[in-house]
Number of protein chains: 2
Amino acid sequence: MKSRQEPLLRGKLKGYGYRITQGREAIMNVLADAKEHLSAEDIYIKVYASYPAIGLTSVYRTLEVLVSTGLVYKFDFGDGRARYEIAEGRRGEAHHHHLVCTGCGRVIDYADFINEELALLKKTEAGLSKKYNFTIINHLIQFYGFCSKCKTNKNAK
Amino acid sequence: MKSRQEPLLRGKLKGYGYRITQGREAIMNVLADAKEHLSAEDIYIKVYASYPAIGLTSVYRTLEVLVSTGLVYKFDFGDGRARYEIAEGRRGEAHHHHLVCTGCGRVIDYADFINEELALLKKTEAGLSKKYNFTIINHLIQFYGFCSKCKTNKNAK
DNA sequence: ATTGTTAATGGATGTCATTTTCATTTACTC
DNA sequence: GAGTAAATGAAAATGACATCCATTAACAAT
Ligand SMILES: [Mn+2]
Ligand SMILES: [Mn+2]
Ligand SMILES: [Zn+2]
Ligand SMILES: [Zn+2]
């Protein structure tokens with residue numbers, strides 16, 4: 001299965017002067033199809049299945065390129081390794097933020113209240129840009145706490 | 001100079017069943033007086049000056065305790081090491097969020113719009129708690145972009 | 001299609017923040 | 001003051017990620 005936004009990614013990368021390599025295409029496809037928040041090694045393993053010439057080093061380098069061009073987001077959910085997620089979601093999924101369980105590490109995507117959040121962020125960005133002469137490129141919102149499972153285990157203990 | 005919130009910290013730690021040790025006190029004092037966002041090694045160096053028996057391992061362990069009890073916040077600003085900040089600010093400083101420059105790594109504290117942000121966060125938290133059965137303990141908001149210096153350098157280039 | 005240029009690559013190796021291990025010490029209880 | 005379990009420091013291990021460098025592949029110009 002070929003992912004639909006591949007041409008978008010290719011076009012954007014070319015626009016930045018980057019070459020389209022087999023490894024980069026494979027990585028982009030894995031990210032486009034991913035349902036979870038993948039680590040560099042996760043991506044390496046998935047790409048390796050269909051393109052065993054891939055090297056972990058190139059995965060890191062490609063991810064850096066994709067993040068720097070804004071095609072991919074990089075997150076720290078506190079488990080000691082970076083996690084990656086395609087920016088323009090598969091099948092036009094909406095922008096979302098995250099709930100992070102500090103008990104088990106589970107990460108929940110949410111898009112509830114996202115419009116209010118984005119409206120406030122926009123307003124805040126405008127104010128902060130002016131006051132601090134700071135150009136805002138993007139934002140990060142995460143909530144930390146305990147998921148249903150960990151909440152229960154806690155009470156049980 | 002002894003910091004004012006020291007007794008608060010001591011009381012809270014004891015409440016969690018932790019012992020008050022010389023190292024922990026020294027670390028708490030450094031954090032209480034800090035004006036920047038310190039790394040574990042930064043803290044180690046500062047503590048070492050007045051308490052050379054301290055070990056870096058204990059700094060890490062104490063920070064873990066302080067973070068888990070909510071006395072200290074742990075941040076990832078993207079420079080490859082964790083940064084720490086006392087939760088109840090020196091001299092009752094207000095809760096704040098961060099602007100992170102991806103050019104030079106500078107981190108700016110801001111409290112502008114914080115009330116609107118916190119109001120929305122509270123509302124969002126209520127909705128998310130119910131929908132996902134998730135107990136929210138705290139939140140993270142950061143803006144990424146270019147500070148005034150890096151903006152200029154970029155144009156110059 | 002062939003060639004030339006240079007970005008991109010993979011594997012080996014290095015780095016460095018953080019964790020683990022373990023014998024010793026210290027904070028707190030009685 | 002003695003008992004005990006938590007806390008500690010130093011050394012060693014871990015692991016994510018970066019760097020190095022000789023080789024390869026993408027792409028543009030023939
Ligand atoms: Mn997500
Ligand atoms: Mn701060
Ligand atoms: Zn959980
Ligand atoms: Zn900057």
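Chain identifiers are assigned alphabetically (A, B, ...) following the order of the sequence lines, protein sequences preceding nucleic acid strands; residue numbering begins at 1 within each chain.
In this structure, B:H98 has its ring center no closer than 6.0 Å to that of B:Y110.
For B:H97 and B:Q142, the side-chain atoms include no donor-acceptor pair closer than 3.5 Å. Side chains of B:D112 and A:Y132: a donor-acceptor N/O pair is present below 3.5 angstrom, by distance only. Judged by distance alone, the side chains of A:E85 and A:H96 do bring a donor and an acceptor atom under 3.5 Å apart. Between the side chains of B:H37 and B:D109, at least one donor N or O sits under 3.5 Å from an acceptor N or O.
OP1 and OP2 of C:dT19 both lie 4.0 Å or more from every side-chain N or O belonging to B:R61. Considering only side-chain N and O atoms, B:T21 lies under 4.0 angstrom from the phosphate OP1 or OP2 of D:dT8. At D:dA7, none of the side-chain N or O atoms of B:R19 fall inside 4.0 Å of OP1 or OP2 (strictly under the cut-off). For the OP1/OP2 pair of D:dA7 and a distance below 4.0 Å, the side-chain nitrogens and oxygens of B:R24 include at least one atom meeting the criterion. Residue B:Q22 places at least one side-chain N or O closer than 4.0 Å to OP1 or OP2 of C:dA27.
In this entry the distance linking OH of B:Y51 with C1' of D:dA7 reads 10 Å, nearest Å. Here the C1' atom of nucleotide C:dT9 and the OH atom of A:Y48 are 15 Å apart, to the nearest Å. Atom P of nucleotide C:dT9 and atom CD of A:E25 are separated by 12 Å, given to the nearest angstrom. Between A:I43 atom CD1 and D:dC17 atom P the separation is 10 Å, expressed in whole Å. As rounded to whole Å, 16 Å separates atom P of C:dA17 from atom CG of A:D76. Here D:dA7 presents its P atom at 10 Å from CG of B:L13, a figure rounded to the nearest Å. D:dG15 atom P lies 14 Å from atom CG of A:D79, rounded to whole Å. Atom CG in A:D42 sits roughly 10 Å away from atom P in D:dA16 (whole-Å rounding).
Along DNA chain C, the nucleotide nearest to A:G23 and the one nearest to B:R81 differ in position, and the one closer to the 5' end is contacted by A:G23. Along DNA chain D, the nucleotide nearest B:Y18 and the nucleotide nearest B:Y44 are compared for position; the residue whose nucleotide lies closer to the 5' end is B:Y18. Residue B:E64 is the one, among B:E64 and B:K14, whose nearest nucleotide of DNA chain C lies closer to the 5' end (criterion: closest heavy atom).
At the heavy-atom level, A:L56 lies nowhere under 4.0 Å from the strands shown.
Closest contact between the side chain of A:T57 and the listed nucleotides C:dT18, D:dC17, D:dC20 involves D:dC20.
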